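Comments concern the structure below.
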Number of protein chains: 2
Amino acid sequence: MHTLAEENYLKAIYKLAATNPSVSTNQIAASLDTKASSVTDMLRKLADKMLINYQRYQGVSLTQSGEKVAINIIRKHRLWEYFLVEKLNFKWDEVHDMAEEMEHISSNELIDRLDEFMGFPRRDPHGDPIPDSNGHFKTNDLKPISALAVSSAGVISGVRDHSAVFLQYLEKQGLTIGKKIAVKEVISYDNTVVLQMDNKVLQISREVANNLLIAI
Amino acid sequence: MHTLAEENYLKAIYKLAATNPSVSTNQIAASLDTKASSVTDMLRKLADKMLINYQRYQGVSLTQSGEKVAINIIRKHRLWEYFLVEKLNFKWDEVHDMAEEMEHISSNELIDRLDEFMGFPRRDPHGDPIPDSNGHFKTNDLKPISALAVSSAGVISGVRDHSAVFLQYLEKQGLTIGKKIAVKEVISYDNTVVLQMDNKVLQISREVANNLLIAI
DNA sequence: GTGTATTTTTAGGCTTGTCTAAAAAAATTA
DNA sequence: TAATTTTTTTAGACAAGCCTAAAAATACAC
Ligand SMILES: [Mn+2]
Ligand SMILES: [Mn+2]
Ligand SMILES: [Mn+2]
Ligand SMILES: [Mn+2]
C-alpha cells in the first residue's frame with residue numbers, strides 16, 4: 001500500500017501534530033534524523049497522494065486519509081510491543097527498535113488476529129493507548145509528576161521519554177507502570193521531587209518528574 | 001545487515017541450488033519474477049560482498065557465508081508460518097505472503113525467543129524442516145506419492161507445490177500433514193493414483209501425486 | 001521599514017533496484 | 001564447422017530516497 005518511508009513520515013507528522021497544530025519541515029527532519037531537503041521531497045510526494053495538506057513554506061497537517069494510515073501504524077507498533085513484552089518476555093526498554101520494523105508488516109488481518117490472540121490489550125508496555133481496529137482510542141489524559149501538588153497521590157501510567165536509558169533508570173528505581181506513588185515534598189532549591197512509594201521514600205529530579213506520567 | 005532484495009535473492013539461489021548444482025541467471029529471474037538483466041546486476045553486488053561464487057556466464061553458487069544468510073531467512077520464514085497457523089489460527093494456504101515479509105525482521109534474538117515461545121517446532125505447517133538457531137536441520141528425505149509401489153503405505157509429510165490452490169485442494173480432500181495413506185492401485189491409462197485413507201478411497205491425478213510427499 | 005538570521009525549497013548528484021533494447025557469449029542444430 | 005537460437009551481459013534510463021550547496025522565502029531585530 002504505502003512505502004516504509006511514507007509510513008514513517010506519516011507517523012512522525014501525526015505525533016508532532018499532537019503538540020503543534022501545523023508541523024514544520026525542520027521538526028519532521030529532527031524527529032526522523034534526516035535533512036530538511038529530504039523532508040521537502042517527501043512532503044511533495046505525500047501531498048500528491050492526498051495524505052497531507054501542504055503548501056510550500058506553510059507547514060503541514062495530515063488529511064483524514066493520512067491520519068488513518070498513521071493511526072494504523074501506531075496500532076501495529078504498540079500491539080507488537082505488547083506481544084514482545086507479554087509473550088516473548090522482552091523488557092520494556094528493548095522493544096522499540098523491533099516494533100519499528102514490525103509496524104510495517106502490511107496485513108491488517110494479521111494484526112487483528114494478533115490483537116485477539118492477546119485479548120485486546122488497551123495499553124502498550126509504556127502505558128500508551130492501543131487504537132482498536134477502527135482506529136479509535138482514548139487519548140491519554142495523564143499529568144507529569146511535576147504537575148502534582150504536594151501530598152497528592154496517583155498511579156504511574158505512562159512515560160513521555162521512551163529512550164532505553166530513561167526506561168532502564170525507572171525500572172531500576174522500581175518506578176514502573178501501575179505503581180502507586182504520592183508526592184511528599186518538592187525541594188524548592190532545584191525542584192527535586194520526594195516520593196513515597198510502597199514503604200520507600202525516593203527522590204527524583206525535575207527532569208524525571210517531567211517525563212513520568214500519572215493518572216489521578 | 002543485508003537489504004530485503006539481497007535476502008530474497010540469496011533465499012531463491014539456495015532453493016534452486018537444491019536441485020541444480022550451479023544456478024543460472026534465468027532460473028533466478030523466473031523464481032523471483034524479475035528480468036535477467038536485473039539478476040545480473042544483483043549477482044555482481046552479491047559477489048562483491050562474497051555471498052556468492054560468480055563468474056560471468058558461469059552460473060552461481062552460494063558461499064558459506066551466503067548460505068548462512070539464506071538458511072537464517074528460511075528459519076525465520078518457517079517459524080513465522082508456524083506462529084501464524086498455530087497461534088493466530090490462519091490456514092496453511094494463507095500464510096506464505098505474510099511470512100515473506102516477516103522473514104526480513106532483522107532481530108535474531110526475537111526469532112530465537114519466538115522459537116522458544118512455540119516450543120522449538122521442527123516442521124512448518126507445510127512439513128518443511130525448521131533450521132535451529134545454528135542453522136542445522138535434517139533434510140527432508142521424503143518421496144512423492146507417485147514414487148510409491150502399489151500396496152505400500154506412508155504418512156503425508158510435505159508438499160512440493162506451496163501454492164494456495166494446491167493447498168486448498170488438499171485440505172478439501174482431507175489430504176493433510178500427518179494423515180496415513182496407502183496406494184491401492186495405479187491406473188495405467190493416465191497414472192491416476194487410487195488411495196486408501198481412513199475408511200475412504202480416493203483418486204488423485206499424477207500431477208497431485210508428484211507434489212504430495214510421503215514419509216515411509 | 002530595512003537588514004539580518006533562520007527556515008524552507010530548489011538544483012544537482014548519488015545509491016539501490018528495477019526496466020528495455022542491444023551486444024556478446026554460449027549452446028544447439030544442421 | 002558454420003549458422004542459428006538461446007542465454008547472459010552491457011548500456012542507458014528511471015523512480016525512490018537520501019545527500020550537499022545554493023537560492024528563495026519568511027521571521028526577527030533594531
Ligand atoms: Mn518504522
Ligand atoms: Mn510504546
Ligand atoms: Mn521475502
Ligand atoms: Mn512453508
Side-chain angles (χ1 to χ4, degrees), chain A residues 1-14 16-17 19-62 66 69-70 73 100-101 103-106, chain B residues 1-14 16-17 19-62 66 69-70 73 100-101 103-106:
Chain A
M1 195 62 182
H2 304 101
T3 68
L4 187 145
E6 282 171 4
E7 290 183 346
N8 284 336
Y9 272 88
L10 292 172
K11 191 177 67 161
I13 294 166
Y14 180 85
L16 290 167
T19 44
N20 315 74
S22 168
V23 178
S24 76
T25 300
N26 268 357
Q27 285 175 315
I28 299 167
S31 122
L32 292 175
D33 194 25
T34 187
K35 301 293 165 180
S37 54
S38 305
V39 174
T40 302
D41 284 350
M42 181 59 89
L43 294 184
R44 277 226 325 283
K45 282 179 217 161
L46 294 174
D48 287 350
K49 296 190 177 188
M50 312 279 274
L51 294 163
I52 60 171
N53 304 115
Y54 170 61
Q55 289 166 157
R56 18 211 258 308
Y57 296 102
Q58 296 317 124
V60 298
S61 61
L62 294 178
V69 174
I73 301 298
E100 203 61 43
E101 289 182 53
E103 69 191 4
H104 304 289
I105 303 295
S106 58
Chain B
M1 193 65 181
H2 304 100
T3 67
L4 187 145
E6 282 171 4
E7 290 183 345
N8 284 336
Y9 273 88
L10 291 172
K11 191 177 68 161
I13 295 167
Y14 180 86
L16 290 167
T19 44
N20 315 75
S22 168
V23 178
S24 76
T25 300
N26 267 356
Q27 284 176 314
I28 298 167
S31 122
L32 292 175
D33 195 25
T34 186
K35 300 295 166 180
S37 55
S38 306
V39 174
T40 302
D41 284 349
M42 182 57 89
L43 293 184
R44 276 224 328 282
K45 283 178 215 159
L46 294 174
D48 287 351
K49 296 190 176 186
M50 312 279 275
L51 294 164
I52 60 171
N53 305 115
Y54 170 60
Q55 290 167 156
R56 14 211 260 310
Y57 295 104
Q58 296 316 123
V60 298
S61 61
L62 294 177
V69 175
I73 300 299
E100 203 60 44
E101 289 182 53
E103 69 191 4
H104 304 290
I105 303 294
S106 58

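Note that the structure is predicted; figures quoted are calculated from it, not measured.
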Looking only at side-chain N and O atoms, does [X] come under 4.0 Å of OP1 or OP2 in [N]?
| X | N | answer |
| --- | --- | --- |
| B:T3 | C:dG17 | yes |
| B:R56 | D:dT10 | yes |
| A:Y9 | D:dC18 | yes |

Does the pair B:L43 and B:T25 meet the rule for a side-chain contact (heavy atoms from CB on, under 4.5 Å), with working shown?
-> CA-CA 9 Å; B:L43 293 184; B:T25 300; 4.0 Å; yes
Ordered by number, residues from residues 45-54 of chain A within less than 4.0 Å of DNA chain C (heavy atoms) are A:Y54
Near DNA chain C, under 4.0 Å by heavy atom, which residues of residues 19-26 of chain A?
-> A:S24, A:T25, A:N26
In whole angstrom, what separates [X]'s [atom1] from [N]'s [atom2]?
| X | N | atom1 | atom2 | value |
| --- | --- | --- | --- | --- |
| B:H2 | C:dT16 | NE2 | P | 13 Å |
| A:Y57 | D:dA27 | OH | P | 11 Å |
| B:D33 | C:dC19 | CG | P | 8 Å |

Name all residues meeting the side chain to side chain contact (heavy atoms under 4.5 Å, CB included) criterion together with [X]; count only those two or more places apart in sequence or in a different chain, and write none if there are none.
| X | value |
| --- | --- |
| B:Q27 | B:L16, B:N20, B:V23, B:S24 |
| A:S61 | A:N53 |
| B:T3 | B:A5, B:E6 |

Of all the choices, D:dT10, D:dG17, C:dG17, which nucleotide is nearest to the side chain of B:M42 once you look at every atom?
-> C:dG17
Heavy atoms, side chains only, cut-off 4.5 Å: are A:L62 and A:Y14 in contact?
-> yes
Could you run down the sub-3.5 Å N/O contacts of the protein with nucleotides 20-22 of chain D?
{"from": "D:dT20", "atom 1": "O4", "to": "A:S37", "atom 2": "OG", "distance (Å)": "2.9"}

Go through the steps to decide whether B:L10 and B:L51 satisfy the test side-chain contact (heavy atoms from CB on, under 4.5 Å), and finish with yes or no.
-> CA-CA 8 Å; B:L10 291 172; B:L51 294 164; 4.0 Å; yes
Carefully, step by step, assess A:T34 and A:Y9 under the rule side-chain contact (heavy atoms from CB on, under 4.5 Å).
-> CA-CA 11 Å; A:T34 187; A:Y9 272 88; 3.9 Å; yes
Ranking A:T34 and B:L43 by the position along DNA chain D of their nearest nucleotide, the one closer to 5' is B:L43
Heavy atoms under 4.0 Å, any strand shown: does A:A36 hit a base, just sugar-phosphate, or nothing?
-> base
